[in-house]
A.B. asks: 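Before we start, here is the structure in question, set down as structure tokens.
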Amino acid sequence: MAKNFTTRAENYSEWYNELVVKADLAENSAVRGCMVIKPYGYAIWEKIQAVLDKMFKDTGHVNAYFPLFIPKSYFEKEAEHVEGFAKECAVVTHSRLRARANGKGGLEPDPDSRLEEELIVRPTSETIIWDTYKNWIQSYRDLPILCNQWANVVRWEMRTRMFLRTAEFLWQEGHTAHATEEEAVAEAKQMLEVYAEFAEKWLAMPVLKGVKSANERFAGAIETFCIEAMMQDGKALQAGTSHFLGQNFAKAFDVKFLTKENKLEYVWATSWGVSTRLMGALIMTHSDDNGLVLPPKLAPIQVVIIPIYKNDEQLPMISEKALEIKKALEVKGISVKYDDRNTQKPGWKFNEYEFKGVPVRIAIGPRDIEEGTVEVARRDTLEKEVFQQADLANKIAHLLENIQANLYQKALTLREENTHKADSWDEFKDVLETKGGFILAHWDGTPETEQKIKEETKATIRTIPFDAPEEAGKCIYTGKPSARRVVF
RNA sequence: CGGGGUAUAGCGUAGUCCGGCUAUCGCGCCUGCUUUGGGAGCAGGAGGUCGCAGGUUCGAAUCCUGCUACCCCGACCA
């Protein structure tokens, strides 16, 4: 990726922001740190929702909905959890407004309406869900509970970025309750697999599956599994997490059940989530200087047809052919937009749909009508080719598959080119400085060492990969033995 | 929350140091004509509490004080 998307974009961040604006995905809201997701951006989110929702249901989950407000005291019940989220909560203190007392006009919270207990706008729903689950669970026959919630959450972040970290964001959060530790761990791992499959097959984004180190773990979890992707600037992005919560929340909310053997035991828990950040990942993984590049499987518009005509007499004939093509494509399940607006010129439209990342563009004009052809342009390579109209639908369907595969391969190649091994402290620092990207290195497994490495180099352990080969080595920092490499 | 920066039309900006005529220019928008295979040309037109609140001054976008919002870097995070 070059950095000349616009003359103003001086770094990757600016490039990304420009891209979001030009592709018409979202804009900053008047509300601090929040964003407005525009119709085209939301269409992508709906697609993500639809696919994930089906995958959740295929793995036995059901949807439910829990309250937006959480009583403050719920947070106080799980010590680590409250510590993790306390600094970024929106707090509701009053229930009504009144005219300002100083008589200058305007409104102020009515002091008489002060809430006895403040309500927290959910930053995540573990607490209120576990408070609810307590009432749902008495016996092993009530387990497992496999619920998912599609919702918005609020985290009062210091610094925000569209899609990647907004004060309010949309997500799904799964919360499950199990009778045994093994079952809960299996659930957490299964959902990570679901996320990884979604990322790779739908987003065309290769991910590393693994475990978070203790320092990076979710507040209140025993183990955090994650998928990590590499963006085009070589930086890592956490694209999804799945947590094994052990019995922490069951103990905090006193959720016990009677086993077959009539023994009272605490329930085992998991939670897992992905958010609108996935859209940020999608943008940063594939886009180029001409705008967004969407993988065909997620594009709200997969094919756009643009008529080219000199005068209004030519249009009906072209439209007839274009609509015929549109119909043939739609029969194949391809989503097609025919843009016959006479308010914009063809060149303008070409640019417009490139900004929007539409995978395939078909242009059809008088010349094509005569010769029985169309001009087909693919967004990923920007190549144009003349296709015969005969059997066009099959050719386009094939092309879409081809683009999907190509995007994945391109992203994978980029990751591989930017992943290096380091076997000594000097080599580690050198690679970090000169190459960046992911570094595979040995680590002694202690939080202290991780912390020291972070302090000295700013590098963090992104994940401890599941599929890392067993390989004896020495920690790059302390020289102590290590069984496998981790990803910095 | 620490460091740096910015705020002028829908968007991007000039002007601010050194106060002074009707606040500059480009994109976009509207009207008309000509155009249409890669962001059209010409002509005309509409659009402004110069972030907010005070202050200094004959006079403030410009100087002073306070506030707010946004952007970048860091810490934190999905």
Side-chain angles (χ1 to χ4, degrees), chain A residues 6-18 21-22 27-35 83-89 104 123-124 151-173 195 212 215-219 221 224 226-229 236-243 271-281 290-291 306-315 318 340-355 361-371 373-375 377 382 384 386 454-455 458 460:
Chain A
T6 73
T7 51
R8 285 182 299 122
E10 282 169 11
N11 57 42
Y12 194 75
S13 291
E14 275 186 42
W15 173 87
Y16 170 82
N17 280 341
E18 281 291 306
V21 172
K22 293 226 172 187
E27 64 190 21
N28 285 313
S29 153
V31 184
R32 185 203 163 278
C34 294
M35 73 173 165
E83 198 176 318
F85 286 102
K87 286 177 287 183
E88 48 185 44
C89 287
K104 280 186 182 169
T124 179
N152 57 339
V153 288
V154 169
R155 295 183 187 175
W156 211 265
E157 300 286 353
M158 292 305 172
R159 197 177 147 215
T160 59
R161 270 184 84 187
M162 275 199 265
F163 288 114
L164 296 179
R165 187 176 48 236
T166 43
E168 178 191 5
F169 57 94
L170 305 180
W171 77 344
Q172 60 68 216
E173 45 181 328
Y195 289 154
K212 282 284 183 199
N215 292 355
E216 303 275 326
R217 199 177 283 154
F218 175 74
T224 288
C226 61
I227 51 172
E228 292 282 333
L237 188 77
Q238 183 173 313
T241 48
S242 177
H243 315 289
S271 72
W272 29 274
V274 294
S275 69
T276 35
R277 173 181 276 187
L278 281 181
M279 294 177 66
N290 293 299
I306 296 171
I308 291 159
Y309 55 99
K310 290 216 190 323
N311 51 56
D312 287 347
E313 286 85 71
Q314 289 178 343
L315 184 58
I318 293 168
D340 62 348
R341 285 178 299 172
N342 58 6
T343 50
Q344 309 293 356
K345 299 182 39 164
W348 194 93
K349 292 177 189 171
F350 290 176
N351 283 284
E352 160 105 344
Y353 292 106
E354 269 164 27
F355 280 141
R361 181 186 71 231
I362 297 176
I364 177 161
R367 204 157 69 205
D368 298 303
I369 298 287
E370 252 173 55
E371 293 169 13
T373 58
V374 291
E375 183 193 85
L382 295 168
K384 287 191 283 196
V386 174
K454 186 174 173 182
E455 278 164 19
K458 289 181 195 155
T460 55

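Every chain is numbered from 1 and lettered A, B, ... according to where its sequence line falls, protein lines coming before strand lines. Computed from a predicted structure; not experimentally measured.
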A.B. asks: In whole Å, measure the gap between the P atoms of B/rG39 and B/rG48 for me.
C.D. replies: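 Per the computed distance, 33 Å lies between those P atoms.
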A.B. asks: May A/F169 be described as stacking on the base of B/rA78, applying a 5.5 Å centroid limit and a 30° limit on plane angle?
C.D. replies: yes
A.B. asks: For the side chain of A/E88, counting heavy atoms from C-beta on, which of B/rC76, B/rG38, B/rG37 is nearest?
C.D. replies: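 Of the candidates, B/rC76 comes closest.
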A.B. asks: Rounded off to whole Å, could you give me the CZ-to-P distance for the A/R165 and B/rC77 pair?
C.D. replies: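 Roughly 10 Å, once rounded to whole Å.
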A.B. asks: Report the nucleotide, chosen from B/rG39, B/rU36, B/rC77, that has the shortest atom-to-atom distance to any side-chain atom of A/I308.
C.D. replies: B/rU36
A.B. asks: Side chain of A/K384: nearest nucleotide among B/rA78, B/rG38, B/rU36?
C.D. replies: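 Between B/rA78, B/rG38, B/rU36, the one nearest the side chain of A/K384 would be B/rG38.
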A.B. asks: Categorize A/G365 for me: base, sugar-phosphate, or nothing, with a 4.0 angstrom heavy-atom threshold over every strand shown.
C.D. replies: base
A.B. asks: Examine distances only and state if a side-chain atom of A/Y16 and a backbone atom of A/M162 form a donor-acceptor pair shorter than 3.5 Å.
C.D. replies: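 Pair found, side chain donor or acceptor close to backbone of A/M162.
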A.B. asks: When the distance from CD of A/E27 to P of B/rC70 is rounded to whole Å, what number comes out?
C.D. replies: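 That distance rounds to 14 Å.
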A.B. asks: Using only atom types and a distance under 3.5 Å, with no angle test, would you say the side chain of A/Q172 pairs donor to acceptor with the backbone of A/V274?
C.D. replies: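 Pair found, side chain donor or acceptor close to backbone of A/V274.
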A.B. asks: Take atom P in B/rG59 and the same atom in B/rC27, then report the distance between them in whole Å.
C.D. replies: 39 Å
A.B. asks: What is the distance from NE2 of A/H243 to C1' of B/rA78, rounded to the nearest Å?
C.D. replies: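 These atoms are roughly 8 Å apart.
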A.B. asks: Both distances below 3.5 Å, Watson-Crick or wobble geometry, any strand: find the nucleotide opposite B/rU6.
C.D. replies: B/rA69
A.B. asks: Roughly how many Å apart are B/rA46 and B/rU24, using the P atom of each and rounding to a whole number?
C.D. replies: 13 Å
A.B. asks: Ignoring hydrogens and angles, answer whether the base of B/rG38 and the side-chain atoms of A/E354 contain a donor-acceptor pair closer than 3.5 Å.
C.D. replies: yes
A.B. asks: Under 4.0 Å between any heavy atoms, over every strand shown, what does A/R361 touch: base, sugar-phosphate, or nothing? Just pick one.
C.D. replies: base
A.B. asks: Output yes when a side-chain donor or acceptor of A/R155 lies under 3.5 Å from a complementary backbone atom of A/P123, and no otherwise.
C.D. replies: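 A pair under 3.5 Å: yes.
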A.B. asks: Could you state the CH2-P distance from A/W348 to B/rG28, rounded to the nearest angstrom?
C.D. replies: 10 Å
A.B. asks: Hunt down the Watson-Crick or G-U wobble partner of B/rU22, both distances under 3.5 Å, from any strand shown, or write none.
C.D. replies: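 Result: none.
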A.B. asks: Pairing check on B/rG28: which nucleotide meets the Watson-Crick or G-U wobble criteria with it, both distances under 3.5 Å?
C.D. replies: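 Paired with B/rG28, as far as the under-3.5 Å criterion goes, is no nucleotide at all.
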A.B. asks: Without decimals, in angstroms, what is the distance between A/Y195 OH and B/rA78 C1'?
C.D. replies: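 Value for this atom pair: 10 Å.
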A.B. asks: Whether A/R277 engages the ring of A/F169 as a cation-pi pair (distance to the six-membered ring centre under 6.0 angstrom, angle to the ring normal within 45°) should be assessed.
C.D. replies: no
A.B. asks: Given the P atoms of B/rU35 and B/rC42, what is the spacing between them in whole Å?
C.D. replies: 16 Å
A.B. asks: In whole angstrom, give me the gap between the C1' atoms of B/rA7 and B/rG51.
C.D. replies: 6 Å
A.B. asks: Could you state the OH-P distance from A/Y16 to B/rC73, rounded to the nearest angstrom?
C.D. replies: 13 Å
A.B. asks: Look at A/K454 and B/rC76 and indicate whether a side-chain polar atom (N or O) is within less than 4.0 Å of OP1 or OP2.
C.D. replies: yes
A.B. asks: Need the pair for B/rA75. Rule: Watson-Crick or G-U wobble, both distances under 3.5 Å, any strand; none if unpaired.
C.D. replies: none
A.B. asks: Indicate, with a heavy-atom threshold strictly under 4.0 Å, whether A/E375 touches base, sugar-phosphate, or nothing.
C.D. replies: base
A.B. asks: Spell out, as yes or no, whether a donor-acceptor pair under 3.5 Å connects the side chain of A/T160 to the backbone of A/A167.
C.D. replies: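 Such a contact is absent between A/T160 side chain and A/A167 backbone.
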A.B. asks: Considering just the side-chain nitrogens and oxygens of A/K345, establish if one lies under 4.0 Å of OP1 or OP2 belonging to B/rG39.
C.D. replies: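 So the side-chain polar atoms of A/K345 never come under 4.0 Å of the phosphate oxygens OP1 or OP2 of B/rG39.
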A.B. asks: Between B/rG37, B/rA78, B/rG39, which nucleotide has the shortest distance from any of its atoms to the side chain of A/R367?
C.D. replies: B/rG37
A.B. asks: Salt-bridged, A/K22 to A/E354, with N to O below 4.0 Å?
C.D. replies: no
A.B. asks: Considering heavy-atom distances to RNA chain B, does A/F163 or A/P346 have its closest nucleotide positioned more toward the 5' end?
C.D. replies: A/P346
A.B. asks: What is the nucleic acid contact for A/L278, judged by heavy atoms within less than 4.0 Å: base, sugar-phosphate only, or nothing?
C.D. replies: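 The answer is nothing, as A/L278 stays clear of every strand by at least 4.0 Å.
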A.B. asks: Sub-3.5 Å donor-acceptor pair from the side chain of A/Q314 to the main-chain atoms of A/K310, do we have one?
C.D. replies: yes
A.B. asks: Looking only at side-chain atoms of A/P366, point me to the closest of B/rG37, B/rC77, B/rG39.
C.D. replies: B/rG37
A.B. asks: What distance, rounded to whole Å, do you find between the two C1' atoms, one in B/rU68 and one in B/rU31?
C.D. replies: 41 Å
A.B. asks: For A/N215 and B/rC77, what is the distance between atoms CG and P respectively, to the nearest whole Å?
C.D. replies: 10 Å
A.B. asks: Considering only B/rC72, B/rU36, B/rG39, which nucleotide approaches the side chain of A/N17 most closely?
C.D. replies: B/rC72
A.B. asks: Taking any strand in view, what nucleotide pairs with B/rA60 in a Watson-Crick or G-U wobble way, both distances under 3.5 Å?
C.D. replies: none
A.B. asks: Where the side chain of A/D368 is defined as all heavy atoms beyond and including C-beta, which of B/rG38, B/rG37, B/rC77 is the nearest nucleotide?
C.D. replies: B/rG37
A.B. asks: So if I take every side-chain heavy atom of A/S275 and compare against B/rG37, B/rG38, B/rA78, which nucleotide ends up nearest?
C.D. replies: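 Between B/rG37, B/rG38, B/rA78, the one nearest the side chain of A/S275 would be B/rA78.
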A.B. asks: Is there a donor-acceptor pair closer than 3.5 Å between any side-chain N or O of A/N351 and the backbone N or O of A/W348?
C.D. replies: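 Answer holds: no.
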A.B. asks: Considering only the C1' atoms, how many Å lie between B/rG32 and B/rA61, rounded to the nearest integer?
C.D. replies: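 Going atom to atom, C1' in each nucleotide, I get 37 Å.
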A.B. asks: Looking only at the side chain of A/T166 (C-beta and beyond, no hydrogens), which of the listed nucleotides B/rU36, B/rG39, B/rA78 gets closest?
C.D. replies: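 My answer, after comparing the listed nucleotides, is B/rA78.
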A.B. asks: If we take the P atom in both B/rC70 and B/rC33, what is their distance in whole Å?
C.D. replies: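 Roughly 46 Å separates the two P atoms.
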A.B. asks: Tell me the interatomic distance from A/K349, atom NZ, to B/rG38, atom P, rounded to whole angstroms.
C.D. replies: 14 Å
A.B. asks: By nearest heavy atom, map A/E352 and A/F218 onto RNA chain B; which one lands nearer the 5' end?
C.D. replies: A/E352
